[in-house]
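Written out below as structure tokens is the structure these notes cover.
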Amino acid sequence: MGSSSKNLFEKFSNDSLIVKGQRQALEPGFIPERLPHREKEAELLAEILSPSLKNYKPSNVIIFGKPGVGKTSVVKFVESEISKAMQSRLDSKIKLIDINCGVVDNPYGVLLAVGDGLLESWEEKLPFTGWPLDKLYNTVLEKVKNFAGITIVVLDEIDKLVKKSGDSVLYQLLRINEVTNEGRVCLLGISNDLRFTEYLDPRVKSRLIEETMVYNPYNASQIYDILRDRSLYAGIADSIDESAMKTCAALAAQEHGDARRAIDMLRIAVELTEKGNSKRIEDNTIYEAKNKLERDVVVETVSTLPLHSKLVLFSISLIDEIKNGGSSNMGEFYDLYERIADRMGISGLTQRRVADIIGELTNLGLIDSKVQSFGRYGRTTTATLNYSSSRMKDIVLSDEVLGQLKDVKPLQKSLPVS
Ligand SMILES: Nc1ncnc2c1ncn2[C@@H]1O[C@H](COP(=O)(O)OP(=O)(O)OP(=O)(O)O)[C@@H](O)[C@H]1O
Ligand SMILES: [Mg+2]
């Protein structure tokens with residue numbers, strides 16, 4: 001080979017944009033030490049929780065805010081500050097217990113987590129399952145009393161717990177303060193759904209919501225600051241074009257001011273830049289990252305849908321395609337859906353069930369739908385695809401079973417399956 005030929009390993013030996021150890025600063029689990037534009041929120045929460053350092057029960061708090069606006073981050077930050085403050089105050093007795101209700105969404109799990117959080121190191125753990133709830137509750141109550149301090153229970157994504165299992169366990173935890181003076185429990189709930197309090201019993205609501213904080217979405221310039229700070233942590237601040245950082249911030253601000261999305265976009269832009277063997281992150285890489293992120297989310301969402309939901313989505317996509325982007329009504333997509341199901345040898349669901357599926361697809365953001373009323377002539381549901389029909393079709397057809405539908409084409413008027 002001539003001397004100009006490249007070494008086989010050359011493309012792998014390029015210095016990457018990010019030094020290995022710093023890459024984690026862009027990963028989802030990273031907890032930054034600084035939270036730009038949330039200093040006031042952190043301070044206010046610290047103020048609310050500060051009585052605990054003097055062994056008084058703080059007010060119960062609920063923090064609301066859209067996804068990615070820093071709720072969990074602020075709480076984690078304040079928790080770590082409490083732990084530090086406790087070290088210099090020997091008289092304070094605080095236990096911080098974190099529960100992610102996205103994972104632990106039933107009364108047993110919640111009580112167990114509180115009980116385990118209060119375990120003295122030499123004690124045996126409580127049984128993972130099997131005890132009657134009242135026995136578990138009484139054990140937790142004893143532990144709260146024995147601890148005789150302030151037990152702060154953080155219920156992240158508390159709305160999921162309430163939607164899944166109701167508010168009975170919240171009532172039990174809140175009642176502890178009414179049945180004993182020996183130890184106190186303070187609840188801190190975090191939710192991105194403002195409406196979840198509608199599901200609460202008035203007795204729970206009035207006790208739980210003593211303080212409320214609402215975190216607003218970040219605007220573009222705030223997200224810009226967050227991204228700049230994060231890129232300093234990651235050691236890539238000098239490799240990003242100023243305009244690329246601004247674009248990234250602006251795009252995330254358009255979508256309910258979500259810092260998580262901005263950081264995800266930046267991480268993917270770094271990956272794309274490295275793959276392209278480039279050293280600088282530019283505007284177009286950010287757009288590419290945005291597309292990839294959306295694609296990933298849509299693929300993930302669609303691929304986990306049940307079969308019939310995929311078929312309904314596929315029907316809407318086909319009609320969208322022949323109409324060149326337009327909505328279809330129940331008559332149209334239901335008819336096509338039935339034919340496709342028939343062709344696959346499965347029986348189609350009723351219109352009523354398909355209407356439910358339309359609701360689910362709408363909630364997932366894959367389509368928009370409207371119920372139109374024609375007075376005494378009845379009502380019909382119309383659906384519009386939120387993504388390009390060719391992309392949506394490709395995703396649905398990538399399913400092993402549905403791949404056989406590749407050649408299905410609706411005809412213009414009657415939309416029969418070819
Ligand atoms: N002010 C900030 N400064 C630095 N990073 C931030 C800030 N706010 C949010 N982030 C980052 O954005 C991401 C999302 O933040 P966080 O998890 O706190 O959001 P959240 O409000 O709890 O969202 P969700 O409702 O989805 O749980 C995290 O990676 C976090 O580090
Ligand atoms: Mg959170």
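Atoms within each ligand, like the ligands themselves, are counted from 1 in listed order. Not measured: the values here are computed from a predicted model.
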*asked:* Taking the side chain as everything from C-beta on, heavy atoms only, tell me whether Ser315 gets closer than 4.5 Å to Ile340.
replied: yes
*Measure Thr72 to ligand 1 on non-hydrogen atoms and call it side chain, backbone, both or neither using the 4.0 Å cut-off.*
both
*Among all protein heavy atoms, pick the one closest to atom 23 (O) of ligand 1 and tell me residue, atom and distance.*
Gly68 N, 2.8 Å
*asked:* When you measure from the side chain of Glu39 to the backbone of His37, do you find a donor-acceptor pair of N or O atoms at a distance under 3.5 Å?
replied: yes
*asked:* Just checking Tyr337 against Phe314, ring centres under 6.0 Å apart?
replied: no
_Taking 4.0 angstrom as the limit and counting only heavy atoms of Asn192, give me the atoms of ligand 1 inside it, by number and element._
25 (O)
*Work out whether the distance between some heavy atom of Tyr218 and some atom of ligand 1 is less than 4.0 Å.*
yes
*Tell me, do Pro28 and Phe30 make a side-chain contact under 4.5 Å, heavy atoms counted?*
no
*Looking at the Mg ion (ligand 2), is one of the N, O or S atoms of Asn192 less than 2.8 Å from it?*
no
*Between Ser73 and ligand 1, which part of the residue brings a heavy atom under 4.0 Å of the ligand: side chain, backbone, both or neither?*
both
*What atoms of ligand 1 come within less than 4.0 Å of a heavy atom belonging to Ile263?*
11 (C), 12 (O)
*Does ligand 1 have a heavy atom under 4.0 Å from the side chain of Leu35, from its backbone, from both, or from neither?*
both
*Donor-acceptor contact below 3.5 Å, side chain Tyr108 vs main chain Trp131*: yes
_Tell me whether Thr350 contacts the main-chain N or O of Arg353 through its side chain, where contact means a donor paired with an acceptor under 3.5 Å._
yes
*Provide, to 0.1 Å, the distance between atom 25 (O) of ligand 1 and the closest protein heavy atom, together with that atom's residue and name.*
Lys71 NZ, 2.6 Å
*Would you check the N or O atoms of Glu157, main chain and side chain alike, for any that come under 3.5 Å of an N or O of ligand 1?*
no
_Subset of ligand 1 atoms that lie under 4.0 Å from at least one heavy atom of Pro67_ = 23 (O), 24 (P), 25 (O), 26 (O)
*Examine Arg203 relative to Tyr171 and say whether NZ or CZ is less than 6.0 Å from the centre of the six-membered ring and inside a 45° cone about the ring axis.*
yes
*For atom 31 (O) of ligand 1, state which one of Glu41, Arg230, Arg261 supplies the nearest heavy atom.*
Arg230
*Closest protein heavy atom to atom 29 (O) of ligand 1, given as residue, atom name and distance to 0.1 Å*: Pro28 O, 4.0 Å
*atom 4 (C) of ligand 1: which protein heavy atom is closest, and how many Å away?*
Ile226 CG2, 3.6 Å
*Closest protein heavy atom to atom 26 (O) of ligand 1, given as residue, atom name and distance to 0.1 Å*: Arg260 NH1, 3.0 Å
*Can you tell me how far the CD atom of Glu288 sits from the CZ atom of Arg295, to the nearest 0.5 Å?*
8.5 Å
*Below 4.0 angstrom, N of the basic side chain to O of the carboxylate: do Asp225 and Arg228 qualify?*
no
*Would you say the side-chain atoms of Glu255 pair up with the backbone N or O of Ala252, donor to acceptor, closer than 3.5 Å?*
no
_Heteroatom proximity flag, Gly70 to ligand 1, N/O under 3.5 Å_ = yes
*Determine yes or no for a side-chain-to-main-chain donor-acceptor pair under 3.5 angstrom, with Arg261 supplying the side chain and Gly257 the backbone.*
no
*Show which atoms of ligand 1 fall inside a sub-4.0 Å distance from at least one heavy-atom site of Ala259.*
9 (C), 10 (N), 12 (O)
*Touching ligand 1 at all, Arg38? Heavy atoms, strictly under 4.0 Å?*
yes
*Within 45° of the axis and under 6.0 Å from the centre of the six-membered ring of Phe147, does NZ or CZ of Lys93 qualify?*
yes
*asked:* Is it the case that ligand 1 has an N or O less than 3.5 angstrom from some N or O of Pro36?
replied: yes
*Which atoms from ligand 1 have a heavy atom of Pro32 less than 4.0 Å away?*
31 (O)
